[in-house]
Structures are given as C-alpha cells and as structure tokens.
Amino acid sequence: MTTTAPPPQKSEAPVIHPREWFARVMAGEHPHPPIARLVGIRMIRAEDGVAVAELQADPERHGNPMGTMHGGVLCDLADLAMGTAVGSILERGESFTTLELKANYFKPVWNALLTANARIVKRTRTICYIECDVVDDKQSLVARLASTCMILRGDMAAGR
C-alpha cells in the first residue's frame, strides 16, 4: 500500500512587512532566513531599493570539486541581497517572486570576505529589475548578477 504525505499547509503566522522584518533581523529580534544561516550570509543593510550582504568564503564549506567557491553559493549571496533590496521598497500588501536570475562570473574565489551590493535599476507596477555586484575584500569584481521579479498583490501576495 502506498501512502502520500498531505499537501503542505500555508503558515497561519501573521505576515510581517519586509521592511519591518529586516529591521527586526538587524536588531537581533528575528533570525536571518534559513538559507542565510545555512550558507553563512550576513545581511548588512537595506533601504530604499539598496541592500548589502556579506559572506566569508571558505573552501572547506563552500568549495566546488575544483576547490574554488561554488557558483551557486555566489548566487545565494546575491539573490538574498537582491530580494532584500526589493523587499525594502514594497508597499503593504505587496510581495514578489523571482522570474529570472542571471549570473556572470569573473574570477575564482577561495578565501575572501565577499560583499554583495544590490540595487534596484527599475521598478514598474508589476516588474522589478535588480542588479548586484559581488566584490572581494580588495573591491575586485567577482561576479555581476541580475534578477527580474514580479510584484504580487492581493490574493497572489497572500501568505508569501
């Protein structure tokens, strides 16, 4: 006999506005998102469509089979910064989802403090385009990423 798990349920917890949530994280009143804790990302600031996040690259933790930092970890770092930048400009009742993510890698990383600097380039009523530069501790460009997000409202934003 085969059994299936019940469908996942939406959380009944009250939704916190992204700007309030970030302020609580920075004040130590709320934990960083699970992916940030898993990878080791620290959110530094977010305001008015700009966000900064940091990660200490560690080849023992973040390495790919060649020994350099895995590109997916760079994507996680930039994606968190870009999502936080979008969250910093949302109105009450709005949420968002990523439609597209593009990454260009310029140099390998082993051990370095990486900083992701995300900024909104253009926001319309329904779409937001964001870019993010990831630099090392010598301010050398490691990667440039871009994301397109869809702004959600009403039932589409509920529970997100």
Side-chain angles (χ1 to χ4, degrees), residues 8 11 15-90 94-124 126-152 156-157 159-160:
S11 171
V15 176
I16 299 172
H17 189 273
R19 285 184 289 232
E20 294 170 21
W21 173 84
F22 185 78
R24 290 181 185 181
V25 169
M26 296 311 298
E29 299 167 3
H30 195 74
H32 280 68
I35 190 63
R37 295 191 310 267
L38 176 70
V39 177
I41 300 169
R42 292 174 308 284
M43 296 166 36
I44 304 301
R45 73 178 175 93
E47 57 194 3
D48 301 323
V50 175
V52 178
E54 288 182 340
L55 171 66
Q56 178 60 54
D58 176 0
E60 293 297 317
R61 183 172 181 195
H62 305 118
N64 62 26
M66 281 117 6
T68 60
M69 185 169 192
H70 190 279
V73 176
L74 281 167
C75 281
D76 282 334
L77 172 62
D79 188 52
L80 182 62
M82 290 187 288
T84 302
V86 174
S88 77
I89 62 154
L90 293 178
E94 290 182 331
S95 185
F96 71 97
T97 190
T98 301
L99 297 175
E100 180 261 349
L101 177 67
K102 179 184 185 317
N104 291 295
Y105 304 103
F106 300 114
K107 63 186 270 187
V109 174
W110 290 269
N111 290 305
L113 178 63
L114 300 176
T115 304
N117 298 291
R119 68 215 162 273
I120 292 175
V121 175
K122 176 73 174 174
R123 184 208 164 148
T124 68
T126 57
I127 298 292
C128 190
Y129 178 77
I130 313 100
E131 292 182 343
C132 183
D133 287 343
V134 178
V135 298
D136 64 17
D137 37 15
K138 295 177 181 156
Q139 298 304 302
S140 178
L141 186 62
V142 172
R144 176 168 286 167
L145 294 90
S147 180
T148 304
C149 294
M150 179 171 54
I151 306 299
L152 306 171
M156 295 292 290
R160 294 184 64 91

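This one's a predicted model, so the numbers in the text were calculated from it and none came from an experiment.
- Side-chain contact check for Leu152 versus Thr126: every heavy-atom pair is 4.5 Å or farther apart.
- Residues Thr98 and Thr148 fail the side-chain proximity criterion, which asks for heavy atoms closer than 4.5 Å.
- Looking only at distances, no side-chain donor or acceptor of Thr68 sits under 3.5 Å from a matching main-chain atom of Pro108.
- Lys107 and Leu141 make their closest contact through CD-O, 3.6 Å (heavy atoms, listed as atom of the first residue, atom of the second, distance).
- Rounding to the nearest 0.5 angstrom, the gap separating the NE2 atom in His70 from the SG atom in Cys75 is 9.0 Å.
- Residues Ala146 and Tyr129 share a closest heavy-atom pair of CB-OH, 3.3 Å.
- Residues Ala116 and Ala78 come closest through the heavy atom pair CB-CA, 4.3 Å.
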For this session: Go through the steps to decide whether Arg144 and Val134 satisfy the test side chain to side chain contact (heavy atoms under 4.5 Å, CB included), and finish with yes or no.
Result: CA-CA 6 Å; Arg144 176 168 286 167; Val134 178; over 6 Å; no
Problem set entry | Verdict with supporting geometry, Arg45 and Val50, side chain to side chain contact (heavy atoms under 4.5 Å, CB included) | CA-CA 8 Å; Arg45 73 178 175 93; Val50 175; 3.9 Å; yes
For this session: Kindly determine whether Leu101 and Met82 satisfy side chain to side chain contact (heavy atoms under 4.5 Å, CB included), including the steps that lead there.
Result: CA-CA 10 Å; Leu101 177 67; Met82 290 187 288; 3.5 Å; yes
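- Side chains of Leu145 and Asp133 form no contact here, defined as non-hydrogen atoms less than 4.5 Å apart.
- Here the side chain of Tyr105 pairs a donor or acceptor atom with the backbone of Gly71 at under 3.5 angstrom.
- Between the side chain of His62 and the backbone N or O of Val39, at least one donor-acceptor pair lies under 3.5 Å.
- Among Val73, Ile41, Leu74, the single residue meeting the side chain to side chain contact (heavy atoms under 4.5 Å, CB included) criterion with Leu114 is Leu74.
- At least one donor-acceptor pair closer than 3.5 Å links the side chain of Asp136 to the backbone N or O of Ser140.
- Note that the CZ atom of Arg42 and the CG atom of Leu77 stand 9.5 Å from one another [nearest 0.5 Å].
- Residue-environment remark: CD (Glu60) stays at or below the threshold of 12 foreign heavy atoms within 6.0 Å.
- Atom-to-atom distance recorded for Arg61:CZ and Leu38:CG is 6.5 Å, nearest 0.5 angstrom.
- Rounded to the nearest 0.5 angstrom, Ile35 CD1 and Asp79 CG are separated by 9.5 Å.
- Within the model, atoms NZ of Lys122 and OG1 of Thr124 stand 7.5 Å from one another, a figure rounded to the nearest 0.5 Å.
- Between the side chain of Thr84 and the backbone N or O of Leu80 there is at least one donor-acceptor pair closer than 3.5 Å.
- A salt bridge does not link Arg119 with Glu47: every distance from a Lys NZ or Arg NE/NH1/NH2 to an Asp or Glu carboxylate oxygen is 4.0 Å or more.
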For this session: Test Glu54 against Gln56 for side chain to side chain contact (heavy atoms under 4.5 Å, CB included), laying out the working first.
Result: CA-CA 7 Å; Glu54 288 182 340; Gln56 178 60 54; over 6 Å; no
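- Between Val135 and Asn117, some side-chain heavy-atom pair lies under the 4.5 Å cut-off.
- Contact annotation: the side chain of Cys149 approaches that of Ile130 to within less than 4.5 Å [non-hydrogen atoms, C-beta and beyond].
- Using modelled atom types, one side-chain atom of Arg37 and one backbone atom of His32 make a donor-acceptor pair closer than 3.5 Å.
- A distance-only check finds a donor-acceptor pair linking the side chain of Ser88 to the backbone of Gly49 [under 3.5 Å].
- Side-chain contact check for Ile89 versus Asp48: every heavy-atom pair is 4.5 Å or farther apart.
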